Amino acid sequence: DAKTTQPPSMDCAEGRAANLPCNHSTISGNEYVYWYRQIHSQGPQYIIHGLKNNETNEMASLIITEDRKSSTLILPHATLRDTAVYYCIVRGSSWRGGSQGNLIFGKGTKLSVKP
Amino acid sequence: DGGITQSPKYLFRKEGQNVTLSCEQNLNHDAMYWYRQDPGQGLRLIYYSQIVNDFQKGDIAEGYSVSREKKESFPLTVTSAQKNPTAFYLCASSILGKETQYFGPGTRLLVL
């Protein structure tokens with residue numbers, strides 16, 4: 001699996017857009033980019049995923065560069081409840097079994113939304 | 001509401017004692033997973049199961065055991081052989097062949 005690189009922490013003002021970057025320069029052609037977040041002492045929550053096109057849902061937008069070596073998760077109007085650790089993960093699209101079947105969570109980016 | 005439940009939220013274990021963490025899902029997902037999270041760290045896979053009565057070791061299975069007698073349930077036993085069991089344990093499930101996993105609220109295990 002491709003490794004990802006994220007900044008350890010970021011701050012964002014409440015009501016402003018939060019842009020969380022992720023580098024995945026070794027991503028292969030069939031690997032998706034997934035984003036999860038984990039609010040303190042809770043289970044991770046799925047946010048969004050994409051392959052090469054930009055994606056948007058009710059929670060966020062995902063912008064993937066044309067070369068797919070990096071992506072940005074955008075929370076358009078951050079609230080205090082968006083304070084969490086955000087994980088960027090790259091995974092293949094098919095089940096392969098073994099320990100390759102798990103999602104590999106790194107340390108993520110701790111986003112602090114401030115009033 | 002569909003979802004994954006884990007119980008208890010907090011669990012205390014005495015030295016040499018086995019404890020079992022519960023994980024139930026009503027999402028009709030085939031695949032279920034157990035992860036361990038230590039403070040300030042990412043998640044590490046303990047065991048996973050793709051189908052009833054079958055399960056596979058993950059990256060850190062030593063000192064743990066699981067069963068999958070029902071599709072909805074995937075309990076994890078932390079045995080006395082696990083020398084450092086204090087951690088946050090997370091259960092997840094997914095549709096087989098789909099990579100999106102849905103997580104439960106977690107169980108925090110503490111050793112007395």
Side-chain angles (χ1 to χ4, degrees), chain A residues 1-9 22 24 27-28 30-51 55 57-60 62 73 84-110 112, chain B residues 2-10 21 23-25 27 29-51 54-62 87-110:
Chain A
D1 288 335
K3 290 184 67 175
T4 63
T5 304
Q6 300 177 254
S9 64
C22 180
H24 32 78
I27 192 170
S28 60
N30 68 343
E31 289 185 314
Y32 285 73
V33 180
Y34 282 79
W35 284 84
Y36 283 76
R37 73 179 182 184
Q38 188 175 23
I39 295 169
H40 183 63
S41 293
Q42 296 183 24
Q45 177 189 22
Y46 165 79
I47 301 173
I48 198 167
H49 73 283
L51 183 63
E55 301 287 344
N57 64 19
E58 65 277 5
M59 290 183 68
L62 174 61
L73 179 74
V85 178
Y86 287 77
Y87 297 98
C88 170
I89 302 162
V90 292
R91 285 292 300 149
S93 60
S94 60
W95 179 262
R96 293 190 296 273
S99 62
Q100 297 170 329
N102 59 306
L103 295 173
I104 300 173
F105 286 74
K107 295 187 178 180
T109 295
K110 182 173 174 52
S112 298
Chain B
I4 301 176
T5 58
Q6 291 185 244
S7 61
K9 187 170 183 177
Y10 296 95
L21 285 62
C23 178
E24 304 276 335
Q25 55 96 2
L27 300 167
H29 286 172
D30 294 296
M32 297 186 74
Y33 314 78
W34 273 105
Y35 292 88
R36 168 183 172 137
Q37 186 176 35
D38 293 286
Q41 303 297 315
L43 280 66
R44 292 184 291 168
L45 183 69
I46 305 172
Y47 268 99
Y48 68 98
S49 169
Q50 299 179 54
I51 196 169
D54 185 58
F55 47 83
Q56 306 295 328
K57 292 182 178 180
D59 300 318
I60 54 164
E62 185 174 352
F88 189 43
Y89 289 87
L90 290 155
C91 179
S93 71
S94 71
I95 297 171
L96 195 62
K98 299 291 186 183
E99 302 300 329
T100 303
Q101 295 183 16
Y102 297 90
F103 286 81
T107 293
R108 194 167 296 278
L109 177 61
L110 299 167

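Order of the sequence lines sets the chain letters (A, B, ...), proteins ahead of strands, with each chain counted from 1. Both backbone and side-chain heavy atoms feed into the values below; hydrogens, waters and symmetry mates do not. Computed from a prediction, not measured in an experiment: that's the story for all the values here.
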**Student:** Which one of B:Cys91, B:Gly42, B:Gly104 has the most heavy-atom pairs closer than 4.5 Å to chain A?
**Tutor:** B:Gly42

**Student:** To the nearest 0.5 Å, what is the distance between CD1 (A:Ile47) and OG1 (B:Thr100)?
**Tutor:** 12.0 Å

**Student:** With a 4.5 angstrom heavy-atom cut-off, could you sort out which part of A:Gln45 is near chain B: side chain, backbone, both or neither?
**Tutor:** neither

**Student:** Answer yes or no: does atom CD1 of B:Ile51 have more than 12 heavy-atom neighbours from other residues, nucleotides or ligands under 6.0 Å?
**Tutor:** no

**Student:** Donor-acceptor pair, A:Tyr34 side chain versus B:Gln101 backbone, under 3.5 Å?
**Tutor:** no

**Student:** List the atom of A:Tyr87, the atom of B:Gln37, and the distance in Å for their closest heavy-atom pair.
**Tutor:** OH-NE2, 3.4 Å

**Student:** Would you name the heavy atoms of A:Gly43 and B:Leu90 that are closest together and state the gap between them?
**Tutor:** CA-CD2, 3.4 Å

